Novice: 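The structure's right below; bear with me while I get my questions together.
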Amino acid sequence: METLKAIAKKSPIWIAYLAALLGLPLVFDSILAISIFNQMAIGIVFALSYNMLLGQGGMLSFGHAVYFGLGGFLAVHTLILIEFETVYFSIIFIPVIGGVIGLLAAIFIGSFSTRKAGTVFAMISLGIGELIAASSLIFSDFFGGEAGISGDRTYGPTFFGVDFTQNDQIYYVAAIWVFIATLFMYLFTQTPAGRMANAVRDNPERAQFIGYSSRRIRFISFCASGLFAGIAGGLFALNYEFITEENLNAATSGRVLLMAYIGGLGYFIGPIIGAVVLTLMNSLLSNYTELWMLYLGIMFLLTVIYLPRGFAGFIMMHQVAWINNRIKSLGVPYLLIGLPSLVLLAGIIAMVEMSDHEGEAFYYFGFKLNPESFVTWAVVLVISLSAYAGVRAALPQLKQAWESANAVPDSEDPKS
Amino acid sequence: MLEVFVFATLNGLVTGLLLFMLASGLTLIFSMMGVLNFAHASFYMLGAYFAYSISLKTGFWVGLIFAPLLVGVLGALVERYGLRRVHRSGHVAELVFTFGLAFLIDEAVQFFWGADTKNYRSPDILDFPLFTMFGQEFPAYRGFMIGISVMIFIALYYVLTKSRVGIIIQAAITHPNTVANLGHNVPLIFMGVFGVGTALAGLAGVIAGPVLTTFPGMALVLGSIVFVIVVIGGLGSLPGALIASLLVGLLQSYAIASDVGMPELLELIGVSFDRNHPLNDLWTLSLPQIAPILPYLLLVLVLIFRPAGLLGKREE
Amino acid sequence: MSILTLNNISKSFGQTEIIRGVNLAIEDGEKHAIIGPNGAGKSTLFHLISGLHTVTGGSIKFKDQEIQNRPAFEINRLGLARSFQVTNIFHRMSVFENVRCALLWSKGFRYSFWHLLGRQGELNDASMHVLEEIGLSDRAQYPAGELAYAAQRALELGIAIASGADLIMLDEPVAGMNISEAQSAVELIRKVTSGKTLIMVEHDMNIVFDIADRISVLVYGEIIATDVPEKIRANPRVQEAYLGEVPNSA
């Protein structure tokens with residue numbers, strides 16, 4: 001244990017991460033900001049846990065919310081037990097309860113669902129997810145029916161005088177948990193089980209020929225991801241003090257898939273990026289436009305087609321160019337294609353928003369747009385088309401710069 | 001008792017055939033391309049909405065013909081410009097793509113048509129009782145639904161087994177590379193099959209819209225069930241999909257129609273529970289209550305014990 | 001002493017019989033080549049021995065233990081490793097990681113999720129050693145999928161031998177290579193399999209006659225001859241069934 005802490009302390013990235021987590025509320029201290037940070041924290045742990053399954057392990061699950069939700073439900077029930085003093089411990093340990101439940105559920109379900117990966121696994125996960133979500137409406141004593149159940153985190157022993165009535169107090173608890181969870185999920189990837197999970201993802205057949213049962217590896221990844229999803233569920237319970245069947249169902253499972261995928265699978269930092277981006281879109285963008293879900297859907301689909309490795313993948317695509325020391329050569333080509341692309345995007349969004357606003361003028365990045373005015377439409381269209389032309393023109397030189405920056409040297413050694 | 005049984009069977013048949021219309025398209029697409037089209041129910045929804053908009057201007061029957069065509073064309077375009085590109089990133093990426101597509105179509109429908117329920121009505125011509133039994137009427141429209149479904153399936157059967165295109169498709173289902181080597185344009189076939197599969201889903205939407213209500217959540221209502229059916233019936237098997245569709249349709253119909261509860265069943269074996277028992281929720285379940293769960297339970301059981309489904313052929 | 005014995009092995013897929021009654025005994029330390037026309041069942045035989053397929057009949061003994069129908073990972077743990085005809089590496093992981101994973105089980109790590117690999121000096125040194133042996137130490141950090149074809153084949157070989165297996169099965173190791181690449185590959189194979197038993201499926205007769213102590217000829221799922229190279233070359237049944245690339249310098 002000491003050596004683990006020593007390693008962590010030595011690495012500057014981890015220190016920066018912890019500092020960022022703890023320091024954010026000092027920079028942005030509005031109530032909205034704190035609420036967003038709390039959501040991000042939950043999202044980060046949840047998405048990272050999902051990545052253990054999909055990105056690291058190659059298992060696509062449509063039912064991951066089960067472990068999140070079950071963890072959350074047990075957490076809220078524990079809050080209630082603490083309130084009535086049937087048990088008595090500080091609420092900062094609630095995520096432990098969530099984690100344990102997530103782990104137990106994953107052990108049970110994983111025992112029969114990890115036999116195969118691929119489509120069969122995805123279907124089983126969907127079936128189990130729907131089964132449990134539907135069952136939760138039936139067992140209304142435990143799950144509270146459609147209204148869900150609620151608890152109060154201000155009971156139990158205070159922590160150094162803090163009773164967690166305020167959201168920023170609970171944020172610090174969440175921040176510590178996020179740090180611990182991230183650290184352990186990262187460390188898992190550096191262990192034999194974590195590395196073999198990658199190997200089984202890449203080539204389950206070959207993994208057997210180096211002595212490992214692919215099924216057993218998948219099972220371990222599955223249980224670990226259930227554990228951390230349960231912790232995320234516990235954090236949810238602490239933040240909202242309330243949980244419903246919705247937190248178990250396919251929609252929540254879909255949301256975490258979105259987060260992990262957009263952020264980038266297979267890269268540890270990907271889901272963190274995804275959780276941050278999606279939480280921001282959810283909270284901020286929804287204030288500016290009703291259509292943010294539509295944009296999210298389009299963005300998701302485009303990511304799947306053009307950026308299958310997500311934002312993180314996009315960054316990591318430059319790995320070879322970095323090794324070759326040719327990153328700088330890509331600067332100008334990116335600029336030449338980036339600017340027109342942004343303008344094109346702005347133009348398309350403007351047109352979509354104008355269609356939605358049905359006759360009322362509205363403000364768009366400081367410009368007043370009037371959907372009734374033919375001139376407005378013409379101007380936006382012309383700008384968009386020229387931007388598109390700019391993108392097409394800049395493409396070939398980007399391709400060329402990319403290819404030359406990415407050449408893999410072949411060894412001259414005859415022994416290779 | 002008999003009347004309940006008869007009507008439940010008929011309703012189950014309507015549902016089952018409708019489900020098969022969706023499941024058959026899904027199975028064809030899966031067999032050919034190995035992709036489980038998550039967005040299949042979304043095309044069903046599009047069919048209903050397109051038909052609704054068309055019917056506002058020109059009536060139900062025009063919508064019946066053109067809406068499925070529109071959906072099919074859209075499906076073919078999606079295959080050509082979306083799915084085909086994602087194909088090289090692997091099966092997981094394909095599944096995620098179709099999942100994202102479902103999400104997008106859902107949002108797009110709300111964008112273009114609004115979030116309210118649409119008043120998509122069945123044609124007045126069919127607004128009469130087909131027959132009356134034991135005082136209950138069976139609407140002609142439902143009879144129409146059965147009729148159309150059966151006609152489509154007969155047509156599908158003949159195309160697949162007797163026509164040249166059908167035989168090529170059957171071959172390409174199990175041996176796409178061989179078929180390509182024989183000189184057939186497999187990508188075109190893929191696009192065609194995806195288009196036809198989605199058109200079938202759209203047709204299901206056109207005829208189901210008036211009965212199952214046309215609203216943005218309609219894809220979700222049927223979406224999972226169709227997957228369950230395709231898996232239970234055996235990924236890649238049309239006869240299996242038919243059996244499973246009818247099974248699920250009838251099962252749900254009987255479960256909803258009968259009012260048998262667990263307590264009655266348990267009493268038959270001499271067990272009774274007092275109200276305060278912790279498992280009270282479980283034991284006071286009635287069949288109608290658990291009707292929605294039954295398909296998923298069946299899905300999980302089949303996947304555990306017989307991952308190939310009842311009649312499955314395609315190996316992953 | 002026989003390290004691997006095949007006793008009346010047969011395999012059918014549905015109605016089609018692929019392997020019909022194969023009997024073979026491989027001696028410890030022997031370099032044995034299996035040749036035969038395409039479709040004879042050579043790869044299937046490999047799959048049966050390594051545990052990818054179940055046998056329809058017969059038994060396989062490896063180091064005096066019956067291994068037929070046992071899962072591949074169990075067989076591998078007994079000391080049997082193989083490579084594949086189509087390159088089968090962990091393409092998204094680095095070259096170094098590929099080899100390190102191949103070493104994990106034999107170094108005793110099992111399913112540990114508490115050992116940090118960065119701090120396992122002995123394991124990492126052993127991995128670098130394997131990389132040096134196969135000539136890929138300068139490309140250790142590259143994603144395996146980005147390597148040139150011949151380098152990937154070398155990695156394939158490295159993964160197979162890394163765990164120190166006693167019996168190494170190579171399925172067409174030089175397929176798709178040009179002459180100089182193939183020569184380097186053969187040198188490598190000779191080096192890394194010295195002291196071990198090698199079974200090799202190969203079409204290139206030069207290589208076969210160069211490396212093999214004995215050759216078995218598989219035709220239509222049956223072995224029609226097993227003998228030293230000179231006798232195989234002179235065998236009329238072999239000549240009749242399989243006109244391979246017999247070297248001009250006889």
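As the structure is a prediction and not an experimental result, all values here were calculated from the model. Below, chains carry the letters A, B, ... as their sequence lines are ordered, and counting in each starts from 1.
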Novice: Report the distance from atom CZ of A:Arg195 to atom CG of C:Leu104, rounding to the nearest 0.5 Å.
Specialist: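 Atom-to-atom, A:Arg195:CZ and C:Leu104:CG are 10.0 Å apart.
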
Novice: Taking atom CZ of A:Phe112 as the centre, report whether more than 12 heavy atoms of other residues, nucleotides or ligands fall under 6.0 Å from it.
Specialist: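 Buried by this count: over 12 neighbours within 6.0 Å.
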
Novice: If you count the non-hydrogen atoms of other residues, nucleotides and ligands that lie under 6.0 Å from OH in A:Tyr186, is the total more than 12?
Specialist: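 Counting neighbours around OH of A:Tyr186, 12 or fewer heavy atoms of other residues, nucleotides or ligands fall under 6.0 Å, so no.
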
Novice: Contact part of C:Ala162 toward chain A, heavy-atom cut-off under 4.5 Å: side chain, backbone, both or neither?
Specialist: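 When you check distances to chain A, no heavy atom of C:Ala162 falls under 4.5 Å.
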
Novice: Quick one: pull up CG in C:Leu116 and OG1 in A:Thr189 and give me the separation to the nearest 0.5 Å.
Specialist: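 Going from CG on C:Leu116 over to OG1 on A:Thr189, the span is 9.5 Å.
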
Novice: Out of curiosity, A:Met196 CE to C:Phe90 CZ, how far, rounded to the nearest 0.5 Å?
Specialist: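 So the gap between those two atoms works out to 5.5 Å.
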
Novice: Please check if the number of heavy atoms outside C:Leu117 that lie under 6.0 Å from its CG is greater than 12.
Specialist: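 Counting neighbours around CG of C:Leu117, more than 12 heavy atoms of other residues, nucleotides or ligands fall under 6.0 Å, so yes.
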
Novice: Quick one, A:Glu205 and C:Leu52 - any side-chain contact, counting heavy atoms below 4.5 Å?
Specialist: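 With C-beta onward as the side chain, the pair touches.
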
Novice: Identify the two heavy atoms, one from A:Ile220 and one from C:Phe113, that lie closest to each other, and give their separation to 0.1 Å.
Specialist: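 Reported closest heavy-atom pair: CG2-CD2, 4.3 Å.
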
Novice: Looking at C:Lys63, I'd like to know if its NZ atom is crowded, meaning that more than 12 non-hydrogen atoms belonging to other residues, nucleotides or ligands lie closer than 6.0 Å.
Specialist: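 Above 12, so yes.
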
Novice: With sequence neighbours excluded, tell me which residues meet side-chain hydrogen bond (donor to acceptor under 3.5 Å, both in side chains) with C:Glu122.
Specialist: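 By the side-chain hydrogen bond (donor to acceptor under 3.5 Å, both in side chains) rule, C:Glu122 matches C:Lys107.
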
Novice: Measure distances from C:Ser163 to the heavy atoms of chain A and classify the residue's part below 4.5 Å as side chain, backbone, both or neither.
Specialist: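 The answer is neither part of C:Ser163.
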
Novice: What part of C:Gln152 lies closer than 4.5 angstrom to a heavy atom of chain A: side chain, backbone, both or neither?
Specialist: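 Answer is neither: C:Gln152 stays 4.5 Å or more from chain A.
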
Novice: Does anything in residues 209-218 of chain A get under 4.5 Å of chain C by heavy atoms, and if so which residues?
Specialist: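 Within residues 209-218 of chain A, the residues that come under 4.5 Å of chain C (heavy atoms only) are A:Phe209, A:Ile210, A:Gly211, A:Tyr212, A:Ser213, A:Arg216, A:Ile217.
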
Novice: Picking from C:Gln141, C:Gln120, C:Glu74, C:Glu97, which has the most non-hydrogen pairs under 4.5 angstrom with chain A?
Specialist: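 Of the candidates given, the most pairs with chain A belong to C:Glu97.
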
Novice: Counting heavy-atom pairs under 4.5 Å with chain A, which one of C:Phe109, C:Tyr111, C:Phe84 comes out on top?
Specialist: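 Sorted descending by pairs with chain A, the first entry is C:Tyr111.
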
Novice: Can you measure from SG (C:Cys101) to CG (A:Asn203) and round to the nearest 0.5 angstrom?
Specialist: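 Those atoms lie 11.5 Å apart.
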
Novice: Could you tell me which portion of C:Glu187 (side chain, backbone, both or neither) has an atom closer than 4.5 angstrom to a non-hydrogen atom of chain A?
Specialist: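 No part of it gets close to chain A.
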
Novice: What heavy-atom pair brings A:Arg206 and C:Ile159 nearest, and what distance separates the two atoms?
Specialist: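 Looking at all heavy atoms of both residues, the closest pair is NH2-CG2, 4.0 Å.
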
Novice: Specify which of C:Arg153, C:Arg77, C:Arg92, C:His91 makes the most heavy-atom pairs with chain A at under 4.5 Å.
Specialist: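 Highest number of heavy-atom pairs under 4.5 Å: C:Arg92.
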
Novice: Taking every heavy-atom pair that is under 4.5 Å apart, which of A:Ala224, A:Gly194, A:Ala193, A:Ala199 has the most such pairs with chain C?
Specialist: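 Among the listed options, the one with the most contacts to chain C is A:Ala199.
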
Novice: Residues in ring-ring contact (aromatic ring centres under 6.0 Å, His included) with A:Tyr306, at least two apart?
Specialist: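 Per chain and number, A:Tyr306 pairs via ring-ring contact (aromatic ring centres under 6.0 Å, His included) with no residue.
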
Novice: Only heavy atoms, only distances under 4.5 angstrom. Which residues in residues 170-179 of chain C are near chain A?
Specialist: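 Checking residues 170-179 of chain C against chain A gives no residue, so none.
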
Novice: Considering only heavy atoms, which portion of C:Ala81 lies under 4.5 Å from any heavy atom of chain A: side chain, backbone, both, or neither?
Specialist: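 Contact with chain A involves no heavy atom of C:Ala81 at all.
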
Novice: Against A:Pro192, only a single residue in C:Arg100, C:Arg110, C:His115 fulfils side chain to side chain contact (heavy atoms under 4.5 Å, CB included); can you say which?
Specialist: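 Output: one option passes, namely C:His115.
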
Novice: Does atom CG of C:Asp125 have more than 12 heavy-atom neighbours, drawn from other residues, nucleotides or ligands, at distances under 6.0 Å?
Specialist: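 Yes - once you tally the heavy atoms of other residues, nucleotides and ligands closer than 6.0 Å, there are more than 12.
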
